[in-house]
Amino acid sequence: MEAVKAPRGTRDILGDESWKWAYVTQMCRNVADDYGYREVHLPIFEHTELFCRGVGETTDVVEKEMYTFTDKGGRSITLRPELTASMVRSYLENEMNKGTQPAKLWSIGPMFRYERPQKGRYRQFVQLDIEALGAQDAFVDLEVIDFSMELYRRLGLSNLQVVLNSVGCPKCRPVYRKALQEYLRPRFDELCDSCKSRFDRNPLRILDCKSPICKEITEGAPSVMDHLCDECKEHFEQLQRGLDKIGAVVKHDKRLVRGLDYYTKTAYEILSGDLGSQNAVCGGGRYDNLAEAIGGPHVPGVGFASGIERVILTMEAQGCSFGRKPENKVYVVAAEPDARLDAMSLMRTLRMNRISADMDYMGRAMKGQMKTAGASAEYACILGMSEVERGVVTLKDLKEGVQEELTVEQIVNKLK
Ligand code: ATP
Ligand code: MG
């Protein structure tokens with residue numbers, strides 16, 4: 001019988017990689033603290049309805065990518081494909097509107113989408129998500145974009161491009177939608193099949209289509225910028241003034257519409273020049289109508305989500321530092337079996353003094369133990385019966401090759 005394998009599109013993050021994740025997560029936490037965002041932990045599954053109503057029935061995520069099942073109580077449950085809808089649900093349910101506004105929240109954890117796995121695209125992947133809820137101010141949009149740029153700056157990323165657009169609001173988008181449909185109508189027959197079906201339901205998504213023919217057709221399409229209402233225009237200009245002030249270089253792209261329906265006004269993405277085709281390290285924007293879509297009052301919001309796998313892939317491609325790889329400081333070597341008890345006790349004393357230490361559990365002879373020490377630690381503490389009787393330990397610096405006899409106390413003081 002063949003051993004069971006992990007499901008397609010999932011991956012095990014093992015010890016040679018997990019320390020990089022800890023580094024990146026800690027950096028997210030530091031930036032969140034500095035920008036005044038508080039961490040929340042939300043459920044990994046929600047009522048399917050939350051995403052149908054929040055993310056939108058006509059989006060790829062809801063139409064094709066959700067992990068949905070019926071639980072034993074007959075409820076339709078979905079593994080979360082993203083966090084924004086859950087964040088807004090939590091804001092409403094916990095009456096965060098009664099606290100200081102905007103409520104600034106962040107979270108990191110696994111998301112689930114039934115997609116075709118490839119480099120930088122998985123069925124279970126991790127997102128950092130930050131959301132600011134309850135404020136209209138374009139400077140909050142600015143803060144969100146700045147947060148993502150600052151995080152990537154601290155992680156040492158380069159060769160990134162910030163792409164910005166406005167997708168308007170329920171007042172001006174219908175007008176633009178019509179203008180776009182009128183423009184596309186004469187070449188409707190040439191559109192790809194998905195875009196044909198998008199034409200009536202979600203024509204803005206056609207701008208985002210990757211097929212060469214649709215790209216060619218939309219090249220000269222009217223720009224959403226020319227159709228914004230005064231309020232959306234002013235919001236965009238205020239955001240742009242802020243970006244100029246902080247020296248952020250962004251590229252305007254009328255094609256950027258984002259895959260989720262709830263966006264209003266600001267939409268943005270940060271693209272990595274070192275990722276190939278799965279090149280978006282983060283995406284976000286404003287979603288002033290999401291709270292109402294899931295049955296709440298009007299709550300404006302803005303945020304972004306960043307795929308941590310893609311962040312780490314970019315960092316690796318660019319040779320960024322992940323801080324120090326955890327390594328054992330000491331390997332305790334029992335020179336003869338009778339010294340094992342004291343070796344174990346010494347190891348424990350080192351650990352209690354926060355000096356990482358390990359020893360042999362495989363019955364290896366002294367030579368084998370020294371080999372393991374050389375491969376895994378900076379120092380060896382060698383203990384035979386003669387050392388035990390004299391109350392000393394031989395400390396060997398494995399890099400320099402020098403050794404000396406010290407008491408346990410001296411070793412602790414030296415290595416701490
Ligand atoms: P894409 O166009 O790459 O499918 P998206 O627009 O679906 O991205 P969002 O829903 O905006 O992505 O999610 C935000 C971020 O999460 C993306 O920019 C990306 O970094 C990451 N992400 C999205 N889907 C996946 C996935 N299947 N595997 C790994 N990371 C992902
Ligand atoms: Mg996608």
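All residue numbers in this chain count up from 1 along the given sequence. Whatever order the structure lists ligands and atoms in, that order sets their numbers, starting from 1. Only heavy atoms go into these numbers, but all of them, side chains included; no hydrogens, no water, no symmetry mates.
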Task: Carboxylate-amine/guanidinium proximity below 4.0 Å for Glu46 and Arg80 - done: no
Task: Location of contacts on Asp60 toward ligand 1, heavy atoms closer than 4.0 Å - done: neither
- [ ] Check Arg121 against ligand 1 and report side chain, backbone, both or neither, counting heavy atoms closer than 4.0 Å.
- [x] both
- [ ] Answer yes or no: does an N/O atom from Gly307 fall short of 3.5 Å to an N/O atom of ligand 1?
- [x] yes
- [ ] Begin from the C-alpha positions of Gln369 and Met359 and carry the test side chain to side chain contact (heavy atoms under 4.5 Å, CB included) through to its verdict.
- [x] CA-CA 8 Å; Gln369 292 180 46; Met359 70 180 282; over 6 Å; no
Task: Numbered atoms and elements of ligand 1 in range of Gly120, under 4.0 angstrom, heavy atoms - done: 28 (N), 29 (C), 30 (N)
Open item on the list: Taking side chain to side chain contact (heavy atoms under 4.5 Å, CB included) as the definition, give me every residue that meets it alongside Ala32, ordered by chain and number, with sequence neighbours left out.
Closed with: Tyr37, Trp106, Phe147
TODO: Could you tell me whether ligand 1 has any atom less than 4.0 Å away from a heavy atom of Glu115?
DONE: yes
- [ ] Give yes or no for whether the N/O distance cutoff of 3.5 Å, strictly under, is met between Arg113 and ligand 1.
- [x] yes
- [ ] Apply the side chain to side chain donor-acceptor pair (under 3.5 Å) test between Asp274 and each candidate in Asn279, Asn159, Thr314; give the one that qualifies.
- [x] Asn159
Open item on the list: Please list, in number order, the atoms of ligand 1 under 4.0 Å from a heavy atom of Val281.
Closed with: 18 (O), 20 (O)
Open item on the list: Below the 3.5 angstrom mark, is there an N/O of Arg310, backbone or side chain, next to an N/O of ligand 1?
Closed with: yes
Task: side-chain hydrogen bond (donor to acceptor under 3.5 Å, both in side chains) against Ser197, all qualifying residues, sequence neighbours excluded - done: Arg201
Task: Gln127 and ligand 1 - part of the residue with a heavy-atom distance under 4.0 Å - done: side chain
Open item on the list: Phe125 versus ligand 1: do any nitrogen or oxygen atoms come within less than 3.5 Å of each other?
Closed with: no
Open item on the list: Please tell me whether Tyr263 and Asn289 have a donor and an acceptor in their side chains that are separated by less than 3.5 angstrom.
Closed with: no
- [ ] Could you name the option among Pro81, Ala280, Ala267 that has the heavy atom nearest to atom 20 (O) of ligand 1?
- [x] Ala280
Open item on the list: Evaluate Glu49 against Ser76 for side chain to side chain donor-acceptor pair (under 3.5 Å), listing each step before the verdict.
Closed with: CA-CA 8 Å; Glu49 201 191 346; Ser76 181; over 6 Å; no
Open item on the list: Side chains of Thr84 and Glu131 only: does a donor on one sit below 3.5 Å from an acceptor on the other?
Closed with: yes
